[in-house]
Amino acid sequence: MIVGARIDFRLIHGQVANLWANARQVSRFMVVDDQVAEDATQKQVLRMATPATCKLSVLPVEKAAANINAGKYDAQRLFIVAKKPETYLRLLKAGVKLDEIIVGNMTTMDSVKKFGLNVNCDQGDLDAFAEIQTMGVPMVMQLTPQNTPEKFTV
């Protein structure tokens, strides 16, 4: 069961590993990123950042979608983390059902629009968010589980 889908350019770090894991009772984190899935060093860093009580998968988008759609994680409490909204758009187009996307920390060198303190989007981000919005998937901005979620629209 998917218990969270978060955008965070830092992927797994203190906030995600501790606060979100506890709040959502996560049993598995899934980092979805085509480049990170091919980088042994980044995967090792993510393993070290993942709580000992949680399993970790680091997968490219197509493999993540195939595994989720095949029900591979149905008996687990799965929390998905990706750097960009484009990743979630690709998952949705591949048939993955998401109840909500939590927009967390995003940064970009080519910032076009800023939302709050921690969300800076480039045009690609805005386009992906707009398409996700048309698909009817709710999005909220929320830094930590203790913060009140704010509806996110572009």
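Rounded to the nearest 0.5 Å, atoms CG (Asp34) and OG1 (Thr87) are 7.0 Å apart. Interatomic distance, Leu126 CG to Gln133 CD, rounded to the nearest 0.5 Å: 10.5 Å. Annotation: the span from Gln76 atom CD to Cys54 atom SG amounts to 10.0 Å, rounded to 0.5 Å. Interatomic distance, Ile7 CD1 to Asp125 CG, rounded to the nearest 0.5 Å: 8.0 Å. To the nearest 0.5 angstrom, Arg24 atom CZ is 9.5 Å from Arg6 atom CZ. Atom CD1 of Ile132 sits about 5.0 Å away from atom CG of Leu89, to the nearest 0.5 Å.
Formation of a donor-acceptor pair under 3.5 Å by the Gln142 side chain with backbone atoms of Asn147 is found in this model. Between the side chain of Arg28 and the backbone N or O of Lys55, no donor-acceptor pair lies under 3.5 Å. Side-chain atoms of Lys83 never come within 3.5 Å of backbone atoms of Leu11 as a donor-acceptor pair (strictly under, hydrogens ignored).
The shortest non-hydrogen separation linking Leu78 to Met30 is CD1-CB, 3.6 Å. Across all non-hydrogen atoms, the minimal contact from Leu98 to Ala5 is CD2-CB, 4.1 Å. Annotation for Val61 and Leu91: closest pair O-CD2, 3.8 Å, computed over non-hydrogen atoms. Phe129 and Met139 make their closest contact through CD2-SD, 3.4 Å (heavy atoms, listed as atom of the first residue, atom of the second, distance). Between Cys121 and Met106, the shortest heavy-atom contact is SG-CE, 4.0 Å. The minimum heavy-atom distance between Phe115 and Val154, with the atom names listed, is CZ-CG1, 4.1 Å.
A heavy-atom distance below 4.5 Å is found between the side chains of Ile12 and Val31. Under the 4.5 Å side-chain criterion, counting only non-hydrogen atoms from C-beta, Ile101 is in contact with Tyr88. The shortest side-chain heavy-atom distance between Glu150 and Val140 does not fall under the 4.5 Å cut-off. Inter-residue side-chain proximity for Val32 and Leu59 is flagged as unmet; no heavy-atom pair is nearer than 4.5 Å. Residues Val58 and Asp33 form no side-chain contact, since every pair of their non-hydrogen atoms from C-beta on lies 4.5 Å or further apart.
For the 3.5 Å distance criterion, the side chains of Asp39 and Gln35 fail to qualify, holding no donor opposite an acceptor. Side-chain atoms of Asp8 and His13 include a donor-acceptor pair closer than 3.5 Å.
Two different hydrophobic clusters hold Val16 and Phe9 under the rule that ILVMFWY side chains link at heavy-atom gaps under 4.5 Å. Linking Ile, Leu, Val, Met, Phe, Trp and Tyr whenever their side-chain heavy atoms come within less than 4.5 Å puts Met135 and Ile68 in one cluster. Hydrophobic clustering of Ile, Leu, Val, Met, Phe, Trp and Tyr side chains at less than 4.5 Å, counting indirect connections, keeps Val103 apart from Leu143. By the rule that hydrophobic residues join a cluster once side-chain heavy atoms approach within less than 4.5 Å of another member, Val3 and Leu56 end up as members of one cluster. Under the 4.5 Å side-chain heavy-atom criterion for Ile, Leu, Val, Met, Phe, Trp and Tyr, Val81 and Met48 are members of distinct hydrophobic clusters.
Between Lys93 and Glu131 there is a salt bridge, since at least one side-chain N of the basic residue sits less than 4.0 Å from a carboxylate O of the acidic one.
Atom CD of Gln146 is surrounded by more than 12 heavy atoms from other residues, nucleotides or ligands within 6.0 Å. More than 12 heavy atoms of other residues, nucleotides or ligands sit less than 6.0 Å from atom CD of Gln44. Counted within 6.0 Å of CG on Asp74, heavy atoms from surrounding residues, nucleotides or ligands total more than 12; the atom is thus considered enclosed.
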> Can Lys84 and Asp122 be said to form a salt bridge (charged side-chain N to carboxylate O under 4.0 Å, His left out), step by step?
Replying inline: CA-CA 10 Å; Lys84 306 283 273 170; Asp122 63 23; 3.5 Å; yes
> Taking it one step at a time, do Gln15 and Arg10 satisfy side chain to side chain contact (heavy atoms under 4.5 Å, CB included)?
Replying inline: CA-CA 10 Å; Gln15 274 179 358; Arg10 301 171 296 175; 3.2 Å; yes
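When each of Tyr73, Trp20, Phe79 is tested with Phe29 by the rule ring-ring contact (aromatic ring centres under 6.0 Å, His included), just one qualifies, namely Phe79.
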